[in-house]
Amino acid sequence: MTRTTYLDHNATTPLRPEAAAAMAEALAMTGNPSSVHRFGRDARRQIEAAREAVAALAGARPEGVIFTSGGTEANNLALAGTARRRILVSAGEHDSVLDAVPGAVRVPLTGEGLVEPAALDARLGESDAPALVSIMLANNETGAIQPVAELARVARARGALVHCDAVQAAGKLPLDLAALGVDLISLSAHKLGGPKGIGALYLKRGVKIEPLVHGGPHEHNLRAGTESVAGIVGFAAAVAVAGMSAQSSAELLDLREELFQGLRVRIPDVQRNGDLEYCLPGTLNVSFSGCQGETLLAALDLGGICVSTGAACSSGSTAPSHVLKSRGLPKSQVEGSIRFSLGWGTNRQEIEGADPLFKRVAPEGDPTLQGDPLGGPTDNSPEAI
């Protein structure tokens with residue numbers, strides 16, 4: 001049977017054992033965290049302890065943490081909940097930011113996928129209306145790391161609030177609210193080893209927003225509905241072990257470069273869609289000349305390698321990546337792109353095992369899905385069964 005190598009951590013990373021254990025214990029609890037009896041109080045204590053842990057991830061105060069159903073809801077709450085009706089976003093943001101406020105002003109990206117402070121300042125200078133700027137810390141498709149602290153200084157000088165989608169960066173880069181200089185931060189548990197379906201929005205003291213979900217005083221009157229105790233507890237448990245040390249980051253970087261060099265040896269015309277210096281250590285976005293990304297993805301999947309062509313939220317769509325298009329890359333380069341993303345469970349044996357498959361999957365930039373593109377048994381073939 002085909003051995004599977006998971007290289008799609010940016011879509012979701014495997015649940016950490018610590019998070020699974022904490023959730024199992026929390027699932028055995030009975031009380032509603034809004035109830036005043038002892039079972040309710042026990043559940044409430046679990047949530048508040050988790051709130052402190054999640055706040056510590058960004059060096060923030062616990063009272064500013066609002067638990068949500070994930071990064072998408074956190075982004076929507078930040079952008080649609082603010083009283084600032086003039087919204088500026090980078091052209092490479094996640095769809096949950098781009099679609100949160102119709103008519104938002106888009107700030108262009110450079111060829112390297114970055115927002116230039118001068119470009120943001122120019123857009124802000126087009127109007128005196130109170131504004132909110134949303135810039136992600138690290139891009140989910142390319143891993144590009146934005147100069148958020150510098151951009152935040154530009155925005156504050158124009159009187160704007162600043163929101164940062166840190167969903168992809170949490171657990172991979174240091175998160176320091178004071179150093180970033182932002183007013184709101186979005187987080188998501190399943191990107192750092194926690195469960196799916198839980199996230200958080202952090203609000204700096206004094207920042208006011210209106211709730212999107214009404215019906216109760218939960219989460220400081222900003223997000224009605226009974227909290228997911230098990231999800232929140234799992235989030236906190238993942239946060240406790242997800243802090244990437246310099247050594248761990250260096251190991252991921254080494255593995256990423258080993259992967260890229262293996263690709264270059266077997267497929268010389270492969271192109272890297274990212275900057276070596278300003279990129280998450282575990283993210284590698286590449287393009288293959290004359291290939292379609294969706295075709296490559298399917299061929300790699302048959303060979304036991306799980307990757308992505310872009311944002312998981314856009315799966316099933318054949319539209320080219322808006323992130324790569326916004327950088328001005330040629331159509332062929334955009335359409336032939338694949339994202340490999342490594343994470344806490346990736347090891348050298350997986351990278352070395354994946355390397356020999358690449359030439360067979362994309363021989364001379366002309367992959368085919370007729371039969372088994374790898375020339376061996378698949379999970380459904382007689383040899384595999």
Only one of Leu284, Ile305, Leu300 forms a side-chain contact (heavy atoms from CB on, under 4.5 Å) with Leu7, so which one is it?
Ile305
Measure from the side-chain N and O atoms of Glu219 to the backbone N and O of Phe67, and report whether any donor-acceptor pair falls under 3.5 Å.
yes
Ser287 and Asn273 side chains, donor-acceptor separation under 3.5 Å:
yes
Using the rule that two of Ile, Leu, Val, Met, Phe, Trp, Tyr join whenever any of their side-chain heavy atoms come within less than 4.5 Å, decide whether Ile66 and Leu161 are in one cluster.
yes
What pairs of donor and acceptor atoms, side-chain ones from residues 178-188 against any protein atom, are under 3.5 angstrom apart with sequence neighbours left out?
residue	atom	partner	partner atom	Å
Asp183	OD2	Val162	N	2.8
Ser186	OG	Asn75	OD1	2.7
Ser186	OG	His163	NE2	2.8

Does Arg85 use its side chain to pair, donor to acceptor, with the backbone of Ala129 at less than 3.5 Å?
no
Taking side chain as C-beta onward, heavy atoms only, is Thr82 less than 4.5 Å from Ile87?
yes
Look at the side chain of Arg51 and the backbone N and O of Val65, then say whether any donor-acceptor pair between them is shorter than 3.5 Å.
yes
Mind listing the closest non-hydrogen atom pair of Gly113 and Ala144 along with its distance?
O-CB, 4.1 Å
Tell me whether Leu296 shares a hydrophobic cluster with Leu324, the cluster being built from Ile, Leu, Val, Met, Phe, Trp, Tyr side chains joined at under 4.5 Å.
no
Backbone N or O of Ala169 within a donor-acceptor pair of the Lys191 side chain at under 3.5 Å?
no
Once you round to the nearest 0.5 Å, how far does CD of Gln168 lie from CG of Asn140?
5.5 Å
Ring pair (Phe, Tyr, Trp, His ring centres under 6.0 Å) with His9: which residues, sequence neighbours excluded?
Tyr6
Spacing of CG belonging to Asp42 relative to NE2 belonging to His37, to within rounding of 0.5 Å
10.0 Å
Check Ala131 against Leu124 and note the closest heavy-atom contact, atom names and distance.
CB-CD2, 4.1 Å
ILVMFWY cluster, Leu175 and Leu177 together (side-chain gap under 4.5 Å):
yes
Taking atom types as modelled and ignoring hydrogens, do the side chains of Ser90 and Glu93 form a donor-acceptor contact shorter than 3.5 angstrom?
yes
Has Asp95 got a side-chain atom pairing as donor or acceptor with Leu98's backbone, closer than 3.5 angstrom?
no
Any donor-acceptor pair under 3.5 Å linking the side-chain atoms of Asn10 with those of Ser308?
no
For Ala22, is there any backbone N or O sitting under 3.5 Å from a side-chain donor or acceptor partner on Glu25?
no
Can you measure from CD (Glu18) to CE (Met23) and round to the nearest 0.5 angstrom?
13.5 Å
Test item: Asp301 side-chain N/O and Leu297 main-chain N/O as donor-acceptor pair under 3.5 Å:
no
Does Trp344 use its side chain to pair, donor to acceptor, with the backbone of Pro14 at less than 3.5 Å?
yes
Strictly distance-based, threshold 3.5 Å: is any side-chain N or O of Arg106 a donor or acceptor partner for the main-chain N or O of Val89?
no
Cluster link Leu201 to Ile232, ILVMFWY, side chain under 4.5 Å
no
One should read off an interatomic distance between Leu255 CG and Thr346 OG1, to the nearest 0.5 angstrom, of 7.0 Å
Partner of Glu257 by salt bridge (charged side-chain N to carboxylate O under 4.0 Å, His left out), out of Arg348, Arg272, Arg264:
Arg272
Does Tyr202 reach the side chain of Arg61, with side-chain heavy atoms less than 4.5 Å apart?
yes
